[in-house]
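These numbers were taken from a predicted model, which means no experiment stands behind them. Naming convention: chains lettered A, B, ... in sequence-line order (proteins, then strands); numbering from 1 in each chain. Just the heavy atoms: all of them, side chains too, but no hydrogens, waters or symmetry mates, feed the values below.
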2 protein chains.
Amino acid sequence: MQRCCPPAEIAPHAFGGAAELLKAVADPHRLRILATLASARDEVCVCDFTAALPLNQPTVSHHLKLLRDAGLVASERRGTWVYYRLAPGAHERVSAAVAAALAPAVPA
Amino acid sequence: MQRCCPPAEIAPHAFGGAAELLKAVADPHRLRILATLASARDEVCVCDFTAALPLNQPTVSHHLKLLRDAGLVASERRGTWVYYRLAPGAHERVSAAVAAALAPAVPA
DNA sequence: TCGTTGCATTGACACACTTCGATATTGCGG
DNA sequence: CCGCAATATCGAAGTGTGTCAATGCAACGA
């Protein structure tokens, strides 16, 4: 029986960090939160999320914490309310994680 | 007590499809598979993945099926072996899913 | 036809994730 | 100081995901 192919080079990287970042984004509600922050280009109050999303307040807070831990959003407390905004470079970081895996090899 | 903010517009989209696509990508082993296919710019035999990844053969087959169901890779059987290649537009589709959420609002 | 090899599928298990109710924390107004 | 309102955290329930051993299926060679 013939060989199946030339040995084939397997990508060496672990992609652990990229997977973590993408997992933080791979949820419809979190995507909607991010889209809101991105289109707002400004801070958004948590109360707006709890009012608009079909989720209870603790669940919204949980998703916001995941995004915060991933470094994709930043929060600031002003009085009783907490405002979230997109972290600088959030889009670039996620795009880079995607490109690290799916971008074709660059010829030297 | 003062109002927290101007009402704030929440993104209406559901982002269900984007989340599904990103979930298919948000795994270190699947990212490595995709990176291998992207850098190979050619088809890769399944046997190369089972040999290089720290996973058993059924697990590799499972990840390949997920990527196939997501439309990110295509497979072709030739004799005993099965070869996988990156589906055309895979990078664009994932990038678009990311941009749909994180790209800032485009001014009209 | 028969055995072997490569890959896919099935069933089961352990773990992580999403969601919620209950409770704690923080800050404001009275 | 006390009560209230806005968020955060905790604990539990239900669901999904990654992994493997066992098995099935397809193609090749003898």
Side-chain angles (χ1 to χ4, degrees), chain A residues 1-5 7-8 14-16 18-34 37 43-70 73-85, chain B residues 1-8 14-16 19-34 36-37 43-70 72-85:
Chain A
M1 203 182 276
Q2 67 213 5
R3 287 276 304 119
C4 74
C5 46
F15 292 103
E20 266 190 54
L21 193 63
L22 290 173
K23 235 189 286 196
V25 170
D27 176 273
H29 296 131
R30 288 198 289 273
L31 282 174
R32 199 170 168 198
I33 290 174
L34 291 171
L37 294 173
E43 43 190 24
V44 175
C45 178
V46 174
C47 63
D48 288 323
F49 290 124
T50 58
L53 294 176
L55 299 171
N56 280 26
Q57 178 266 322
T59 305
V60 173
S61 200
H62 171 67
H63 285 305
L64 288 172
K65 176 179 171 52
L66 285 188
L67 292 174
R68 238 186 311 134
D69 292 347
V73 304
S75 64
E76 180 194 353
R77 168 159 230 141
R78 250 190 342 269
T80 307
W81 295 285
V82 177
Y83 299 84
Y84 279 76
R85 64 171 62 244
Chain B
M1 204 183 275
Q2 67 214 5
R3 286 276 304 120
C4 75
C5 46
F15 292 102
E20 266 189 54
L21 193 62
L22 290 173
K23 240 190 285 195
V25 171
D27 176 274
H29 295 132
R30 288 197 290 275
L31 281 175
R32 198 169 168 198
I33 290 174
L34 291 171
T36 300
L37 295 173
E43 41 190 24
V44 175
C45 179
V46 173
C47 63
D48 288 322
F49 290 123
T50 58
L53 295 177
L55 299 170
N56 281 26
Q57 178 267 322
T59 305
V60 173
S61 201
H62 171 68
H63 286 305
L64 289 172
K65 175 180 172 52
L66 284 189
L67 293 174
R68 239 186 312 135
D69 291 349
L72 292 172
V73 304
S75 64
E76 180 194 354
R77 169 158 228 143
R78 252 196 334 274
T80 306
W81 295 285
V82 176
Y83 299 85
Y84 279 77
R85 63 170 64 244

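Residue A:Glu76 contributes atom CD, which lies 15 Å from atom C1' of D:dT7 at whole-angstrom precision. With rounding to whole Å, A:Leu64 atom CG is found 13 Å from D:dA6 atom C1'. Rounding to whole angstrom units, CG of residue B:Leu67 and P of D:dT17 are separated by 14 Å. In this structure, B:Lys65 places its NZ atom 17 Å from P of D:dT19, rounding to the nearest Å. Between the CD atom of A:Glu43 and the P atom of D:dT7 there is a distance of 13 Å, given to the nearest Å. Rounded to an integer number of Å, the gap from B:Trp81 CH2 to C:dA8 P is 14 Å. Atom CG of B:Leu22 is separated from atom P of D:dT17 by 14 Å (rounded to the nearest Å). In this structure, B:Phe49 atom CZ and C:dG6 atom C1' are separated by 15 Å, rounded to whole Å.
Residues passing the salt bridge (Lys or Arg N to Asp or Glu O under 4.0 Å) test with B:Arg78, sequence neighbours excluded: B:Glu43, B:Glu76. Scored by the side-chain contact (heavy atoms from CB on, under 4.5 Å) test, A:Glu20 finds no partners at all (sequence neighbours excluded). For A:Arg30, the side-chain hydrogen bond (donor to acceptor under 3.5 Å, both in side chains) partners are A:His63, not counting sequence neighbours. For A:Arg68, the side-chain hydrogen bond (donor to acceptor under 3.5 Å, both in side chains) partners at least two apart in sequence or on another chain are A:Tyr84.
Applying the salt bridge (charged side-chain N to carboxylate O under 4.0 Å, His left out) test to every pair with at least one member in residues 53-65 of chain A, sequence neighbours left out, gives these pairs: A:Lys65-A:Asp69.
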(message) For nucleotides 13-25 of chain C, give me one character per nucleotide, 5' to 3': B if any protein heavy atom sits under 4.0 Å from the base, S if the only such contacts are to the sugar-phosphate, - if neither.
(response) -----SBBBB---
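Between A:Thr80 and D:dA6 there is no side-chain polar atom (N or O) within less than 4.0 angstrom of OP1 or OP2. Neither OP1 nor OP2 of D:dA6 sits under 4.0 Å from any side-chain N or O of A:Tyr84.
Without hydrogens or angle criteria, A:Asn56 side chain to A:Pro58 main chain gives no donor-acceptor distance under 3.5 Å.
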